[in-house]
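Ligands are counted one by one from 1 in listed order, and the atoms in each one are counted from 1 as well. Here the structure is a predicted model, which means the values were calculated and not measured.
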Amino acid sequence: MTETDINEDTITDAVVQSFSACPDERLRQCLTVLTRHLHAAARELEPTIAEWETLIGFLTATGQACTPTRQEFVLLSDVLGVSALVENINHRSAAEATQATVLGPFHMTESPPRELGDTIDEVGHDEQCLVSGRVLDARGRPLAAATVDVWQADDQGFYDVQRPDAQPAGNGRGLFTTNAGGEFRFRTVVPAPYPIPVDAAVGTLLGATRRHPFRPAHIHFIASAAGHRPVTTHIFVAGGPYLDSDAVFAVKHSLIRPFDLVDDPETATRHGLSNPFRRAEIDLVLEPA
Ligand code: BEZ
Ligand code: FE
């Protein structure tokens, strides 16, 4: 009997075959597809041993940068466009629903529950902004008692968790519940663009490829209501830099909003703002579950 070594031509099928007894069909499919694509990449690139070790070193550094409050693998998925692609794949059918976009790594602490109209700016900046909107179903009907979870960077481009010395925990965050008209509103500062963290493996990748690390200014939202699919999304500040070169490929033009300067003393007084103030609006439209 002649034995044949596994070789370049047969190794892919041999690895795929090794998963044939896997009882979880989806796991078997995932491992099969990944094996085929990884092997195809190795065949196309023909990496040297040194190059392969560099890749392993990079992935090791990515893992070593992860902590309970930092997820470098999510960041890697973000800058490679995989997070945005997976979001797009999972929200294909939602023609009338608000477009979804990436969660990002800064939703790691719970947002403090707040009342409609509260400020999420606990630092007390001078220039305030009123953000308001409604949570609606796909037929445009208001959804009462929906939750709207909000988080954002401040006007310097930092989240509370990045600057615990300068921002109290929960600053720039709020968990709101819509009223009978499906409405939510809060006061805040207009966020600034900011760089994603570049002090670890992902920063090395961006530097080596001469890519900038900035995200355009935005506010994150997760809107949820009983019987509906929650949406994870942002609003982006119109006219700001990086809208066409977001480091994580997450801009949807339907989510860009003007943050206009409004001169309206009566409205300012009603909402506890100094006049003039900035104003942005977004309705969050949910699909049925
Ligand atoms: C964010 O918007 O918070 C974010 C998203 C992806 C990567 C880094 C930050
Ligand atoms: Fe963000």
Side-chain angles (χ1 to χ4, degrees), residues 61-63 65-91 98-111 120-121 129 131 148-164 166-167 169-175 186 188-207 209 211-223 230-238 240-257 259 280 282 284:
T62 303
C66 294
T67 70
T69 55
R70 175 168 186 160
Q71 235 303 350
E72 195 75 358
F73 272 110
V74 174
L75 201 58
L76 182 59
S77 153
D78 294 337
V79 300
L80 294 179
V82 184
S83 305
L85 176 59
V86 172
E87 275 292 343
N88 291 349
I89 288 168
N90 280 277
H91 292 89
T98 296
Q99 282 192 289
T101 193
V102 298
L103 176 69
F106 291 114
H107 187 247
M108 77 272 268
T109 59
E110 280 188 18
S111 301
I120 63 170
D121 167 34
C129 175
V131 178
V148 180
D149 192 351
V150 176
W151 68 106
Q152 66 165 88
D154 67 5
D155 58 346
Q156 305 297 307
F158 293 104
Y159 287 85
D160 58 347
V161 288
Q162 294 175 294
R163 281 284 176 90
Q167 298 185 40
N171 186 56
R173 300 177 192 268
L175 184 64
F186 57 93
T188 186
V189 291
V190 179
Y194 63 83
I196 63 169
V198 290
D199 56 339
V202 168
T204 308
L205 184 153
L206 294 183
T209 55
R211 273 177 56 180
H212 77 70
F214 282 90
R215 298 218 59 212
H218 59 273
I219 302 177
H220 296 260
F221 294 85
I222 300 175
V231 67
T232 299
T233 193
H234 303 3
I235 54 173
F236 294 94
V237 181
Y242 312 113
L243 284 167
D244 291 325
S245 64
D246 183 4
V248 302
F249 307 96
V251 174
K252 304 282 184 199
H253 286 83
S254 70
L255 301 174
I256 299 175
R257 290 289 183 281
F259 280 61
I282 178 143
L284 301 164

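In terms of protein heavy-atom proximity, atom 7 (C) of ligand 1 is closest to D78 OD2, 3.1 Å. With hydrogens left out, the protein atom closest to atom 5 (C) of ligand 1 is G104 CA, 3.3 Å, a heavy atom. The protein non-hydrogen atom at the shortest distance from atom 9 (C) of ligand 1 is P105 CD, 3.2 Å. Given atom 3 (O) of ligand 1, the protein heavy atom at minimum distance is Y194 OH, 2.7 Å.
Protein N/O/S atoms nearer than 2.8 Å to the Fe ion (ligand 2) total 4.
Applying the 4.0 Å criterion to heavy atoms of H220 picks out, from ligand 1, the atoms 1 (C), 2 (O), 3 (O). Listed by atom number, the atoms of ligand 1 under 4.0 Å from V248 heavy atoms are 6 (C), 7 (C). Set against the non-hydrogen atoms of L75, the atoms of ligand 1 under 4.0 Å away are 7 (C), 8 (C).
Listed by first then second residue, pairs satisfying salt bridge (Lys or Arg N to Asp or Glu O under 4.0 Å) with a partner in residues 68-78 read R70-E72, R70-D199, not counting sequence neighbours.
Distances shorter than 4.0 angstrom occur between a heavy atom of Y159 and an atom of ligand 1.
Under a 3.5 Å cut-off, the side chain of S77 and the backbone N or O of S83 do form a donor-acceptor pair. Judged by distance alone, the side chain of T62 and the main-chain N or O of F73 form no donor-acceptor pair under 3.5 Å. Using modelled atom types, no side-chain atom of H234 and backbone atom of F236 make a donor-acceptor pair closer than 3.5 Å.
Aromatic pair H220/F106: centroids not less than 6.0 angstrom apart.
Residue L255 holds its CG atom at 7.0 Å from OG1 of T101, rounded to the nearest 0.5 Å. Between the CG atom of N90 and the OG1 atom of T232 there is a distance of 11.0 Å, given to the nearest 0.5 Å. Considering CZ of R173 and CD of Q167, their distance stands at 9.0 Å, rounded to 0.5 Å.
The heavy atom nearest to atom 8 (C) of ligand 1, out of those in V74, I196, T101, V79, is found in I196.
Residues D149 and E110 are not in side-chain contact: their nearest non-hydrogen atoms beyond the backbone lie 4.5 Å or more apart. No side-chain heavy atom of P241 sits under 4.5 Å from any side-chain heavy atom of F214.
Scanning both residues, L243 and V237, for their nearest heavy atoms gives CD1-O, 3.8 Å.
Some N or O of H218 is nearer than 3.5 Å to an N or O of ligand 1, by distance alone.
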